[in-house]
Amino acid sequence: MPELPEVEVLRRDLLTRMPKPSRIRRLQFLSPKLRTPLTLPKSLLKKPIVVTGIERRSKFLVFRLEEGVFVSHLGMSGYWRAETKRSEIKHDHVIIEWENGDLWVYNDPRRFGIFEFHPDLSEVKWFTQLGPEPFSDEFLAQPVIDKIRGSQRAIKSIIMDAKVMVGVGNIYASEALYKAGINPFKPGNRVSFESLRRLLVVIRNTLSKAIDGGGSSIRDYVHASGEKGKFQNEHLVYGRSGEKCTQCDSKIQSKKIQGRSTFWCRKCQR
DNA sequence: CTTACCGCCTGTCGGC
DNA sequence: TGCCGACAGGCGGTAA
């Protein structure tokens with residue numbers, strides 16, 4: 001469900017809600033597994049778990065602990081809910097019970113999400129092959145451009161490939177390509193250097209604006225308060241097939257690229 | 001090596 | 001009304 005902006009908005013939201021002191025009294029797993037098994041080492045059960053921070057890598061949330069980390073992912077349909085009194089909702093899977101009684105509940109109907117403990121970040125296999133973060137300096141550097149220009153795949157598939165860059169999912173890929181004026185089907189090796197340069201800046205700006213707008217709530221995504229994001233109202237092409245392009249008279253097209261719905265304007269994107 | 005497709009899951013929606 | 005297929009913010013494994 002969520003792409004980088006939605007995870008980042010959630011991360012900031014959770015950080016402001018984290019009780020001080022940040023000690024977990026009890027951690028409950030209500031299902032045997034999400035995408036991967038929900039298990040904890042016995043050593044973790046003996047004393048309160050102390051959370052020292054919440055970070056984001058790619059579309060993953062990283063809960064820093066005094067000893068180790070929790071690595072969490074929302075998959076397609078996951079959300080975190082902050083509450084003071086337990087409300088049982090179908091598909092609740094993980095409950096973090098803080099020492100002050102606050103509850104953080106992870107709910108995920110499709111169970112594509114992840115909640116794992118790792119003694120050390122370095123051994124998290126999800127992170128080993130990731131490309132640069134859109135807000136890092138490396139994002140605009142030559143290696144990213146070389147990777148894109150060295151591929152014959154559709155440019156949309158390339159920017160959604162976490163080995164090339166992280167954070168861009170199906171919504172923001174269409175949005176950024178539209179704003180950059182690049183046809184999503186165009187092979188990476190046929191996009192000009194100048195266009196690519198512009199595209200990278202557009203991706204960064206699009207993600208940044210989406211964070212400012214509280215992310216995009218298409219169906220499932222909500223903040224920890226249950227509140228929806230607002231950025232779906234700013235979508236120029238995603239979910240708008242048949243509607244008029246904002247810059248010309250033609251209608252927004254929709255077609256699949258690698259099984260994912262793709263939206264574009266055939267006049268404005270070449 | 002690169003690339004497209006499949007599977008993992010549940011819920012919802014549109015067509016018949 | 002109900003049934004059935006298509007589809008949904010992700011991601012890795014696999015097979016060609």
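Every chain is numbered from 1 and lettered A, B, ... according to where its sequence line falls, protein lines coming before strand lines.
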### Message
Just to be sure I understand the geometry, which residues of residues 254-262 of chain A put a non-hydrogen atom under 4.0 Å away from DNA chain C?
### Response
A:K256, A:R260, A:S261
### Task
Tell me which residues in residues 212-219 of chain A put a heavy atom below 4.0 Å from DNA chain C, sorted by number, or none.
A:S216, A:S217, A:I218, A:R219
### Query
For A:M165 and A:I159, what are the C-alpha separation, side-chain angles and deciding distance, and is it a side-chain contact (heavy atoms from CB on, under 4.5 Å)?
CA-CA 6 Å; A:M165 64 182 70; A:I159 62 175; 4.0 Å; yes
### Query
Does A:E67 pair with A:K47 as a salt bridge, N-O distance under 4.0 Å?
yes
### Message
Under a 3.5 Å cutoff, is there a donor and acceptor pairing between the side chains of A:K90 and A:N107?
### Response
no
### Task
Using atom CD1 of A:I171 as one end and atom P of C:dA8 as the other, report the distance to the nearest whole Å.
11 Å
### Message
Going by ring pair (Phe, Tyr, Trp, His ring centres under 6.0 Å), name the pairs with one or both residues in residues 175-197 of chain A, residues two or more places apart or in two chains.
### Response
A:F185-A:W264
### Query
Mind checking what makes side chain to side chain donor-acceptor pair (under 3.5 Å) contact with A:S87, not counting sequence neighbours?
A:E83
### Query
Do you see a donor-acceptor pair shorter than 3.5 Å between the side chains of A:K267 and A:S250?
no
### Task
In whole angstrom, give the distance that lies between atom CD of A:E6 and atom C1' of C:dG10.
12 Å
Short heteroatom pairs, N/O only, protein and nucleotides 12-16 of chain C, under 3.5 Å:
residue	atom	partner	partner atom	Å
C:dG12	O4'	A:R35	NH2	2.9

### Task
Evaluate side-chain contact (heavy atoms from CB on, under 4.5 Å) for A:L38 paired with A:K33, printing each intermediate quantity in order.
CA-CA 5 Å; A:L38 287 167; A:K33 70 186 270 289; 5.5 Å; no
### Message
Would you say CG of A:N233 has more than 12 non-hydrogen atoms from neighbouring residues, nucleotides or ligands within 6.0 angstrom?
### Response
yes
### Query
Quick one: how far along DNA chain B does chain A reach, first to last nucleotide 5' to 3', anything under 4.0 Å to a heavy atom?
B:dT3 to B:dG11
### Summary
Between CG of A:D108 and C1' of C:dC11 the distance, given in whole Å, is 13 Å
### Task
Would you indicate whether A:R25, at its atom CZ, is surrounded by more than 12 heavy atoms from other residues, nucleotides or ligands within a distance under 6.0 Å?
yes
### Residues forming a side chain to side chain donor-acceptor pair (under 3.5 Å) with A:W126, sequence neighbours excluded
A:E116
### Task
Measure the acute angle between the ring planes of A:Y172 and A:F231, then classify it against the limits of 30° and 60° as parallel, tilted or perpendicular.
tilted
### Query
Is there a residue in residues 229-247 of chain A whose heavy atoms reach under 4.0 Å of DNA chain B, and which residues are they?
none
### Query
What heavy-atom pair brings A:S77 and A:R111 nearest, and what distance separates the two atoms?
OG-N, 4.4 Å
Throw together a table of side-chain donor-acceptor distances under 3.5 angstrom for residues 10-17 of chain A, partners on residues two or more places apart or in other chains.
residue	atom	partner	partner atom	Å
A:R11	NE	A:E8	OE1	3.1
A:R11	NE	A:E8	OE2	3.3
A:R11	NH1	A:I54	O	3.0
A:R11	NH2	A:E8	OE2	2.9
A:R12	NE	A:E8	OE2	2.8
A:R12	NH2	A:E8	OE2	3.3
A:D13	OD1	A:R17	NE	2.9
A:D13	OD2	A:A224	N	3.1
A:T16	OG1	A:D13	O	2.7

### Query
Is it true that A:K147 and A:D161 have a side-chain N and a carboxylate O under 4.0 angstrom from each other?
no
### Message
Whole angstroms only, please: what is the CE-P distance between A:M165 and C:dC11?
### Response
14 Å
#### Entry: C1'-based separation of B:dG11 from C:dG12 [nearest Å]
24 Å
### Query
Are A:E133 and A:R56 close enough for a salt bridge, meaning some N to O gap below 4.0 Å?
yes
### Query
Whole Å only: how far is the OH atom of A:Y79 from the C1' atom of C:dA8?
17 Å
### Query
B:dC9 and C:dT14: how far apart are their P atoms, nearest whole angstrom?
16 Å
### Message
Going by the rule side chain to side chain contact (heavy atoms under 4.5 Å, CB included), which residues pair with A:N189 if we only count those two or more places apart in sequence or in a different chain?
### Response
A:Q152, A:P187
### Query
If two hydrophobic side chains count as joined below 4.5 Å and joins carry through other members, does A:F115 share a cluster with A:V51?
yes
## Note on the structure
With sequence neighbours left out, the residues meeting side chain to side chain contact (heavy atoms under 4.5 Å, CB included) with A:S217 are A:Y221, A:K228, A:Q232
### Message
Looking at A:Y238, is its backbone amide N or carbonyl O close enough to the side chain of A:E175 to form a donor-acceptor pair, meaning the two atoms are under 3.5 Å apart?
### Response
yes
### Task
Round to a whole Å and report the spacing from CZ of A:F112 to P of C:dC11.
12 Å
### Query
Can you tell me how far P of C:dC11 sits from CZ of A:F127, to the nearest Å?
11 Å
### Of A:G150 and A:R110, the one whose closest DNA chain B nucleotide lies more 5'
A:G150
### Task
Any chance you could encode DNA chain B as dot-bracket? Rule is Watson-Crick or G-U wobble with both distances under 3.5 Å; [ ] for pairs crossing earlier ones, | for another strand.
.|||||||.|||||||
